[in-house]
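The first residue of the sequence shown is numbered 1, and numbering continues consecutively from there.
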Amino acid sequence: SGGGAGSLSAPWPPEVLEQIRSMQTLVFAALRAEPPVEPAEIWKSLCARTTNERARAFIPAAVMGCVLDVVREDPLKVTPILNAIANRATLLQLVSQPEGAGAGMMVLQASMLSGVQKFCHDNGWPPGLMKKIFFLLYEKDIVFERGFLHWRESLVKMTPDKDEALLQVAEFFAWLETADEEAGAE
């Protein structure tokens, strides 16, 4: 497996890191299984295995990391990456919008975006990739506007190169503000 969210390290306690790695092992196996494992089954397994609340916040980042790592052979090929996300939209929605998440949903969605950020960073910021992924996550109703805004405003330095990430998605956020203004005018 590649980088995904598994390259996380301190300041998290070993038991949290262990659960995150366990999540990734489960998701990688499920994504590569024949026949494919149903998204609801993957989600149930993740919830059952992840007992540490701090680790649960990483489920979206870990799942996104795994979805992206499946196409790691050539991260500069945008279409296979976007297809991998689109094909796993149901799973990504389950982990970014769990029942009962309430206000915590935007934190989970920001976690997923951090997984995208880490993938793009680890692969040398392929031109336009992060922006295209953000547009797709919005279009597929995987991450909502509040999730994107929470990620943008978050100062947590768990994922590298936040300044570069913000530059990569500046056009997306400009569009999001315009789309929000247009929706408000109707």
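Within the 4.5 Å cutoff, side-chain heavy atoms of F119 are placed close to those of I81. Side chains of Q97 and F144 form a contact here, defined as non-hydrogen atoms less than 4.5 Å apart. Residues W151 and Q109 fail the side-chain proximity criterion, which asks for heavy atoms closer than 4.5 Å. Looking only at side-chain heavy atoms (C-beta outward), L108 and V95 stay at 4.5 Å or farther from each other.
Panel note: side chain S96, backbone V143; no donor-acceptor pair is recorded below 3.5 Å. Between the side chain of S111 and the backbone N or O of V107 there is no donor-acceptor pair closer than 3.5 Å.
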Taking it one step at a time, do L166 and R152 satisfy side chain to side chain contact (heavy atoms under 4.5 Å, CB included)? CA-CA 7 Å; L166 290 169; R152 182 178 68 181; 3.7 Å; yes
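Aromatic pair W175/Y138: centroids less than 6.0 angstrom apart.
Among residues two or more places apart in sequence or in another chain, the salt bridge (charged side-chain N to carboxylate O under 4.0 Å, His left out) test is passed with K131 by E171.
No chain of hydrophobic side-chain contacts below 4.5 Å, direct or via other Ile, Leu, Val, Met, Phe, Trp or Tyr residues, connects F173 to L167.
Of all heavy-atom pairs between P126 and Q168, the closest is O-OE1, 4.2 Å.
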Show me the side-chain donor-acceptor pairs of residues 84-91 shorter than 3.5 Å, one per line, residues at least two apart or across chains.
residue	atom	partner	partner atom	Å
N87	ND2	N83	O	3.1
R88	NH2	L31	O	3.2

N/O donor to acceptor pairs below 3.5 angstrom from side-chain atoms of residues 38-46, sequence neighbours left out:
residue	atom	partner	partner atom	Å
E41	OE2	K44	NZ	3.1
S45	OG	E41	O	3.0

